[in-house]
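What follows is one structure encoded as structure tokens, with my remarks underneath.
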Amino acid sequence: MRRPRPRLLAPAAVLLLATACGTEHTATGGGAGAAVPAPRATVTDPPVDGVRITSVTIPAASPTPSAAPGTVHADRLPGDSGISAAYQVSNDGDQAMTYTVLFDFTTDTGAVMAHKEVTVPGVGPGRSTRGTVEPGVLAPGASPVTRVKVAEVTKVPADEAPAETGACPASGVRLWADDGDAAMGLRVVGLHLENCGKRDYELDGYPRLSLLDENRRPVDGIRVLHGGAAIATGTGFDDPPGPLALKPGEAALSGLIWRNTTLAGTAVNVPYVRVLAKPGAAPVTVTPGLDLGTTGKLGVGAWKRADG
């Protein structure tokens, strides 16, 4: 178990809850000005797809009115909640995986006060890695956070993970999906490609897509249509395909377009999309979370030069 160390300048109370032993440990300072005991938290949730919370640290509450003048209870920057959670990611598969984990910081009643997304790259088969996550600055008036939970986990083969930053992949290009836009049931997610290599990169046409379920197996029965106009007008992805040569440092843009309309039948959700920028390109698996409803179709825009 990894125990985060709070930054303290004077006696304070810190609550640390560990799932490994199932016991609460509370350290308190005594005497006048001792901090009010921290709110109790519980870490009992089972692992989610190999990710579990191992401990949660809740900072001391404000000092009592009897505190000595000038007493300092915690060395925290303004807006710093002081809350943190230690987590462990375990890969029981047979290939290295990159995990993206969404953590929820909640109250006793389950109300979410903050989200935090963490990417854990390249966890080898049969290996585990640990880390610590903090919620950042909570919104003004937020209720006290007393627990942290794993809200969602996605994982892709490490050699197919999107690369928006960091070292240039061996392919010489980065490819990733943005967070997208949603309005009136219409969804648009951008696919971004950047030439981070040392030579020109040529494109001509549309990205090749493979739709995958939560176990990264093919999803059948969905038509992939060329052009945003196949789904809706005005999406910005209606241009016809044409040859495009990207010099080092230049970028291109495509898009995924769909509606989440649900009528008769079973709604289809597609968490993963494996993308080939062009035939023969190295695959990249993105996680746009396609909630296709019962429409049975997905639009894809032709590659175009990215503005700027």
Side-chain angles (χ1 to χ4, degrees), residues 1-8 12-28 35-61 74-77 79-93 96-139 142-156 158 161 179 214-216 271-272 287 289:
M1 182 185 73
R2 185 177 180 179
R3 178 172 177 161
R5 296 180 58 189
R7 303 183 295 275
L8 302 179
V14 173
L15 174 65
L16 182 66
L17 298 164
T19 56
C21 55
T23 304
E24 297 176 355
H25 302 279
T26 306
T28 60
V36 176
R40 289 184 175 270
T42 304
V43 186
T44 58
D45 295 334
V48 178
D49 210 356
V51 182
R52 69 185 182 97
I53 303 293
T54 58
S55 65
V56 173
T57 300
I58 304 294
D75 179 22
R76 297 204 302 273
L77 297 174
D80 181 2
S81 67
I83 303 162
S84 65
Y87 62 87
Q88 177 174 299
V89 179
S90 299
N91 181 3
D92 60 1
M97 304 294 289
T98 289
Y99 292 73
T100 300
V101 186
L102 181 65
F103 294 93
D104 280 351
F105 293 78
T106 75
T107 65
D108 279 334
T109 60
V112 178
M113 295 294 105
H115 301 287
K116 189 71 172 184
E117 185 177 273
V118 175
T119 297
V120 183
V123 182
R127 305 295 297 271
S128 296
T129 189
R130 298 186 179 189
T132 303
V133 61
E134 300 176 355
V137 178
L138 299 178
S143 300
V145 170
T146 57
R147 62 181 307 208
V148 185
K149 69 176 183 178
V150 178
E152 182 180 81
V153 177
T154 57
K155 58 184 182 181
V156 302
D179 292 334
E214 62 273 12
N215 297 310
R216 293 175 302 285
Y272 300 100
T287 55

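A quick note: this is a predicted structure, and the numbers were derived from the prediction, not measured. Side chains included, hydrogens not; waters and symmetry mates left out as well; all remaining heavy atoms used.
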query = Is there a donor-acceptor contact under 3.5 Å from the side chain of T54 to the main chain of A86?
reply = yes

query = Would a distance-only check, ignoring hydrogens and angles, find a side-chain to backbone donor-acceptor pair under 3.5 Å from Y272 to K155?
reply = yes

request  = Give a yes or no on this: more than 12 heavy atoms of other residues, nucleotides or ligands lie within 6.0 Å of atom CG of N215.
outcome  = yes

query = Rounded to the nearest 0.5 Å, how far does NE2 of H115 lie from CZ of F105?
reply = 11.0 Å

ask   = Could you give the distance from CD (E152) to OG1 (T100), rounded to the nearest 0.5 Å?
value = 9.5 Å

ask   = Knowing that exactly one of V56, V148, T129, V120 qualifies, which makes a side-chain contact (heavy atoms from CB on, under 4.5 Å) with Y87?
value = V120

task = Determine whether V156 and T287 make a side-chain contact, defined as any pair of heavy atoms from C-beta on separated by less than 4.5 Å.
result = yes

ask   = With distance as the sole test, does T98 use its side chain to make a donor-acceptor pair with the main-chain N or O of G122 at under 3.5 Å?
value = yes

Separation of D104 CG from M113 CE (nearest 0.5 Å) = 10.5 Å

ask   = Can you find a heavy atom in the side chain of F103 that is under 4.5 Å from one in the side chain of I53?
value = yes

query = Considering only heavy atoms from C-beta outward, does the side chain of V145 approach that of L138 to under 4.5 Å?
reply = yes

query = Where is the tightest heavy-atom contact between A114 and P135, given as atom of each residue plus distance?
reply = CB-CB, 3.9 Å

inquiry  = Applying side chain to side chain donor-acceptor pair (under 3.5 Å) to Q88 and S90, what does each step give before you reach the verdict?
reply    = CA-CA 6 Å; Q88 177 174 299; S90 299; 3.2 Å; yes

task = Supply the atom-to-atom distance Y99 OH to T154 OG1, rounded to the nearest 0.5 angstrom.
result = 10.5 Å

ask   = Taking the side chain as C-beta and beyond, is there a heavy-atom pair between R52 and P46 under 4.5 Å?
value = no

key: Inter-residue atom distance M97.CE - N91.CG, 0.5 Å rounding   = 6.5 Å

task = State, to 0.1 Å, how close T107 and T146 come at their nearest heavy-atom pair, and which atoms those are.
result = C-OG1, 3.3 Å

request  = Please round to the nearest 0.5 Å and tell me the distance separating atom OG1 of T109 and atom CZ of R147.
outcome  = 10.0 Å

